[in-house]
Amino acid sequence: MRCAVLGDPIAHSLSPTLHRAGYAGTGLDWTYEAVRVPSGSLPDFLERGEAWRGLSLTMPLKREVLVLGDQVSERARLAGGANTVVFEDGRLLLDNTDLPGAVAAVRERYAGAVGTVTILGSGATAASIGLASCELGARQVRVISRDRDRARQTLAAIGAHASGPDVVWSDLGGVTARGVAGDVVVSTIPAAAQDDSLVAACSEVPLVFEALYDPWPTPLAAAAVAHGQAMVGGLDLLVHQAALQFELFTSRSAPLEAMRAAGEDALSARAPR
């Protein structure tokens with residue numbers, strides 16, 4: 001059985017490390033690779049007719065794949081993006097494990113309230129974590145980005161959650177002047193965009209959810225640890241969503257701790273000496 005993660009860029013992905021550890025931990029003779037698939041080329045990739053069991057999708061393909069699926073799960077439809085493709089009898093079944101993975105990652109690290117959430121960035125990952133926040137009880141979700149028009153899909157996705165959250169947009173440029181209040185701040189923006197003023201603006205929030213895992217630690221993650229804030233990292237999210245993908249691909253329980261350990265070892269090996 002063959003599986004892979006697709007995206008662009010893709011060389012940094014830890015997904016092969018995690019899934020291969022899962023196969024080793026359950027005695028499966030499966031393969032999992034990383035394949036660069038740029039925006040707009042996913043239909044051509046799928047039309048090659050290669051024999052895949054499952055695919056993991058990262059940027060920029062999570063939203064592009066929706067029109068290609070034969071069956072789309074409710075959570076993928078709600079999030080407006082799918083990160084998982086399962087091939088079943090020639091059909092493409094799409095799902096989103098980022099959403100339940102984010103719920104599991106938060107509750108593994110943090111038992112506090114998730115009533116008011118601020119999300120930095122407005123892409124597909126922001127939509128999934130915003131919806132996960134609603135699953136955890138968020139009543140207000142504030143999406144902060146540089147372009148409101150590009151954020152509209154994410155705002156609509158979060159606003160469509162059955163709990164009826166109050167969803168508002170703010171410009172990223174103004175966040176440092178106002179600071180970030182509430183229970184949780186989620187960052188889906190590049191580490192290079194996390195300047196000192198932005199990091200300082202997030203210093204009073206009880207939980208920091210940093211969706212990135214490479215480079216690590218990001219400025220926000222490092223500051224959260226230094227300030228004693230609770231912190232969910234990108235590896236936490238990656239491990240939990242990958243474990244759910246593993247189960248969809250293999251119909252077996254995922255060896256979560258073996259997958260996590262493999263990811264931690266790989267990140268440690270990348271760290272500057």
Side-chain angles (χ1 to χ4, degrees), residues 1-39 41-42 44-46 48-62 64-65 76 81-88 92-102 104-105 123-125 128 188 190-191 210-218 232-272:
M1 291 289 190
R2 299 176 63 211
C3 298
V5 58
L6 315 181
D8 183 26
I10 202 62
H12 71 288
S13 177
L14 280 181
S15 291
T17 297
L18 301 186
H19 283 264
R20 290 169 187 169
Y23 302 154
T26 51
L28 290 174
D29 185 22
W30 288 32
T31 64
Y32 190 104
E33 57 195 281
V35 182
R36 178 178 174 269
V37 177
S39 177
S41 62
L42 184 58
D44 290 340
F45 176 87
L46 294 173
R48 294 177 192 171
E50 298 183 58
W52 299 103
R53 168 55 183 164
L55 298 172
S56 310
L57 303 180
T58 186
M59 62 180 297
L61 306 177
K62 293 180 181 181
E64 294 182 18
V65 73
N83 72 331
T84 306
V85 181
V86 180
F87 293 79
E88 198 75 66
L92 274 64
L93 313 183
L94 307 186
D95 205 346
N96 182 310
T97 65
D98 282 333
L99 198 165
T125 300
S128 293
T188 67
E210 171 55 85
L212 300 183
Y213 62 83
D214 189 6
W216 190 260
T218 65
V232 174
L235 182 60
D236 296 320
L237 173 60
L238 187 68
V239 167
H240 280 285
Q241 68 82 20
L244 293 167
Q245 285 183 335
F246 178 95
E247 293 172 359
L248 289 172
F249 295 164
T250 69
S251 299
R252 298 194 185 194
S253 296
L256 183 69
E257 293 310 318
M259 296 170 73
R260 188 199 309 272
E264 290 172 344
D265 289 347
L267 281 183
S268 179
R270 294 181 184 181

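Numbers for residues simply follow the sequence, beginning at 1. These numbers were taken from a predicted model, which means no experiment stands behind them. These values consider heavy atoms only, across backbone and side chains, with no hydrogens, waters or symmetry-generated copies.
Contact detail for Thr17 and Ala266: the closest heavy-atom pair is CG2-CB, 4.1 Å. Of all heavy-atom pairs between Trp52 and Arg2, the closest is CH2-NH2, 3.3 Å. Between His12 and Pro9, the shortest heavy-atom distance links the atoms CE1-O, 3.5 Å. The nearest pair of heavy atoms linking Ala211 to Thr125 is CB-CG2, 4.3 Å. In plain terms, the two heavy atoms of Gly7 and Thr58 that are nearest each other are CA-CG2, 3.7 Å. Residue Gly81 comes nearest to Asn96 through the heavy atom pair O-ND2, 2.9 Å, listed as atom of the first residue, atom of the second, then distance.
Judged purely by atom type and a 3.5 angstrom limit, Asp265 has no side-chain atom pairing as donor or acceptor with the backbone of Ala262.
Note: Asp8 CG to Met59 CE = 8.5 Å, rounded to the nearest 0.5 Å. Between the CZ atom of Arg20 and the SG atom of Cys3 there is a distance of 11.5 Å, given to the nearest 0.5 Å. Interatomic distance, CD of Gln245 versus OG1 of Thr250, reported as 11.0 Å (0.5 Å rounding). Taking CG of Leu256 as the reference point, atom CD of Glu247 lies at 9.0 Å (rounded to 0.5 Å). With values rounded to the nearest 0.5 angstrom, Leu42 atom CG is found 6.5 Å from Leu57 atom CG. With rounding to the nearest 0.5 angstrom, the CG atom of Leu18 is 8.0 Å from the OG atom of Ser13.
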Item to check | Residues Phe87, Leu46; criterion side chain to side chain contact (heavy atoms under 4.5 Å, CB included); working and verdict | outcome: CA-CA 11 Å; Phe87 293 79; Leu46 294 173; 4.0 Å; yes

Next on the checklist: Let's go through Trp216 and Leu235 carefully: what are the C-alpha distance in whole Å and the side-chain angles of both, what is the deciding distance for side chain to side chain contact (heavy atoms under 4.5 Å, CB included) to 0.1 Å, and is it a yes or a no?
Outcome noted: CA-CA 10 Å; Trp216 190 260; Leu235 182 60; over 6 Å; no

Item to check | Gln241 and Leu238: CA distance, side-chain angles, deciding distance, side chain to side chain contact (heavy atoms under 4.5 Å, CB included) verdict | outcome: CA-CA 5 Å; Gln241 68 82 20; Leu238 187 68; 3.2 Å; yes

Checklist entry - Could you go step by step and tell me if Tyr23 and Thr31 meet the side chain to side chain contact (heavy atoms under 4.5 Å, CB included) rule? => result CA-CA 8 Å; Tyr23 302 154; Thr31 64; over 6 Å; no

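Side chains of Phe249 and Met1 form no contact here, defined as non-hydrogen atoms less than 4.5 Å apart. Residues Asp95 and Val86 fail the side-chain proximity criterion, which asks for heavy atoms closer than 4.5 Å. Side-chain contact between Arg53 and Glu88 is present, with at least one heavy-atom pair separated by less than 4.5 Å. Contact annotation: the side chain of Arg270 approaches that of Leu14 to within less than 4.5 Å [non-hydrogen atoms, C-beta and beyond]. Phe45 is not listed as a side-chain neighbour of Leu61, based on a closest heavy-atom distance of 4.5 Å or more. The closest side-chain heavy-atom distance from Leu237 to Val232 is not below 4.5 Å. Residues Pro255 and Thr26 have side chains in contact (heavy-atom distance under 4.5 Å, counting atoms from C-beta outward).
The aromatic rings of Tyr32 and His19 sit parallel to each other, their planes meeting at less than 30°, with 60° as the upper class boundary.
Test Val5, Val37, Val35 against Ile10 for side chain to side chain contact (heavy atoms under 4.5 Å, CB included) and you get one pass: Val5.
Around CG of Asp29, the count of heavy atoms belonging to other residues, nucleotides or ligands within 6.0 Å does not exceed 12.
Side-chain contact of Asn83 with Thr97: a donor-acceptor pair under 3.5 Å is present, judged by distance alone.
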